[in-house]
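Just follow the structure's listing: the first ligand is 1, and inside any ligand the first atom is 1. Along the sequence shown, the residues carry numbers beginning at 1.
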Amino acid sequence: MSRSAHPAGPRHADVLTEGHYSAPAADLNVLDEKVWSRTVTRDADGALTVGGIAVARLAEEFGTPAYFLDESDFRARCRAWADAFGPDADVFYAGKAFLSRAVVRWLKEEGLNLDVCSGGELTTALDAGLPAERIAFHGNNKTVAEIERAVEAGVGRIVLDSFQEIVRVAHIAQRHGVRQRVQIRVTVGVEAHTHEFIATAHEDQKFGIALADGQAAEAVRRALSLDGLELIGVHSHIGSQIFDMAGFEVSARRVVQLLAEVRDEHGVELPEIDLGGGLGIAYTSEDDPREPHEIAKALSDIVTRECEAAKLRTPRISVEPGRAIVGPTAFTLYEVGTIKPLEGLRTYVSVDGGMSDNIRTALYDAEYSVALVSRTSDAEPMLVRVVGKHCESGDIVVKDAFLPADLAPGDLIAVPATGAYCRSMASNYNHALRPPVVAVRDGEARVIVRRETEEDLLRLDVG
Ligand SMILES: *Cc1c(COP(=O)(O)O)cnc(C)c1O
C-alpha cells in the first residue's frame, strides 16, 4: 500500500520533510478495533481495559514494560482457524511467533497443532503435554541432537529442508526402528510480502529445495527410496504479513504440478500439501486482513482447481498461521519517561522499553500504532516517534504516529498488535530485563512468562 505524507495539523503544518504516516485519526481517544484485541475497550474514566481490567491496575501489579495477552481472543482466533479449515485440513500454529507452556495448553484445548523449529520450542511443547503427533518440526539446519529428540518423541512430521537432512533423518529413524513421517520443503519461486508478490524462476534463499531446476523432484526420489522415511507431502512457505492471495495461487499451482510429476514418475499420489503461514494482520488502521474463513475458502478453491486440472485427488491441506493468531491478541504497555519536541521535525517520546522488547521496527521497518491509554485527552494531535531507552539511535518502536500534545511523563501508552515476534525476538541488549507476558481473561490477570530479574542475568554470567 502506498502511504502519502499528509499535513499533520496546525502544530506541524510545515514539518513534513520525510515520513510515512497518514493523517491523525479524527479522535485519538477512539481505539480502532482492527488493531486492538477483542476485549479491549475504554472504561468510564477513559482508561483502556483488557479482559475487564484497567491498565493502571495492570501497570501497578505487573510493572512496565509488559505484554498483555488477551486469552479469550487468542482462543477465539484458534477456533476461527480450526472451524474455517474444518476436519479435512490441519491448522498448525507457528510457535516461533510466541510460545509458552500456557499457549501450548490453549492450542491443545482448542484443537490446533503446533510448528516448532528448535529443540527449545519442542521441549516447551512436550513439557506442556501436547501429544507429539500434533507437532511438526521445521528448520533449515536442525542439529542431529534435535532430530534424535524429535524422532524419539514421535513428532507427527519433520519438514526436510536439504539433501543432507533427508539422509540424516532417514538414518536416525532407522536407528530407532521407525518410519518417520516427513514432508519436503520446496522453494516455489514466489516471494510474498504484504500487498505484492514476486514470482521468479529460481530462488536465492536459505530455505527449502528449489522446484525450478528439478532439485525438488530429486529430493522426492531420494526420500521415497529410503526405508526410514514415510513421505506424506510437500511444504511451501512464501513470505510474511501477506494480504494478497495471488502469491498462494502461484505457489499452490507449482506445488500441485510437482505432485503430478511425482505421480507420473512413481505412481504415488502424495496425500498432503502444506501451504505455510504468513497471513497478514492489522498493525495500523490502514491494514485490512482477511478473515480465516475467506482465507480457507480461497486456498481450498485454488488447490481443488489445480488438482482437477492435473487429475489428482485433492490432498489434505495444512496451513501454519503464527502472526495471524497471536499477533492481534497482545499489546505492549509502556510508561512515558522523557519527551523531546524537536521544532520543525517531530516529538521524540521515550519509553521504558524499546528494541529489546520489539525489534521489528529496527529490523525491518515494521509499522505500528500507539495510543495514550491511562486517560483520554482533548489536546490536539502531535506527530511523535516512540523510541526506547537503548544506546542505539535506531531504537525505534513506532516510527511515525500521533499522540495528544498534552502527553506527559508518567502517562501510559500502549502499542497494539505486539503478540507475534516481539517477546519471542526479545533480547537482553544493554542488559535489559525481558518483560513479562501477562494473560488476561474475564477479570483475571496471570503471568505466563515472568519478568527477567537481575539475578537471572547474573546467574548466566558465571564470572
Ligand atoms: C514463520 C513461519 C510460519 C509462520 O509465519 P507467520 O507470518 O507468523 O504466519 C509458518 N511456517 C513456516 C515454515 C515459517 O517459517
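- Residue Lys96 places at least one N or O, backbone or side chain, under 3.5 Å from an N or O of ligand 1.
- Both tests hold for Arg185 against Phe207: distance to the six-membered ring centre under 6.0 Å, angle to the ring axis within 45°.
- Close approach to Arg185 involves these atoms of ligand 1, each under 4.0 Å from a residue heavy atom: 13 (C).
- Checked against side chain to side chain contact (heavy atoms under 4.5 Å, CB included), Pro328 has the following partners two or more places apart in sequence or in another chain: Arg77, Ile281.
- Counting heavy atoms of neighbouring residues, nucleotides and ligands inside a 6.0 Å radius, atom NZ of Lys389 does not exceed 12 of them.
- The salt bridge (charged side-chain N to carboxylate O under 4.0 Å, His left out) check on Glu146 picks up nothing, with sequence neighbours excluded.
- Only the side chain of Tyr421 comes within 4.0 Å of ligand 1, judged by heavy-atom distances.
- Remark: ligand 1 atoms within the under-4.0 Å shell around heavy atoms of Gly322 are 6 (P), 8 (O), 9 (O).
- Screening Phe98, Tyr93, Phe74 for a ring pair (Phe, Tyr, Trp, His ring centres under 6.0 Å) involving Trp106 leaves a single residue, Phe74.
- Atoms of ligand 1 found under 4.0 Å from any heavy atom of Arg323 (numbered from 1 in listed order, with element): 6 (P), 7 (O), 8 (O), 9 (O).
- Nearest protein neighbour of atom 7 (O) of ligand 1, counting heavy atoms only, is Gly278 CA, 3.3 Å.
- Close approach to Glu320 involves these atoms of ligand 1, each under 4.0 Å from a residue heavy atom: 3 (C), 4 (C), 9 (O), 10 (C), 11 (N), 12 (C), 13 (C).
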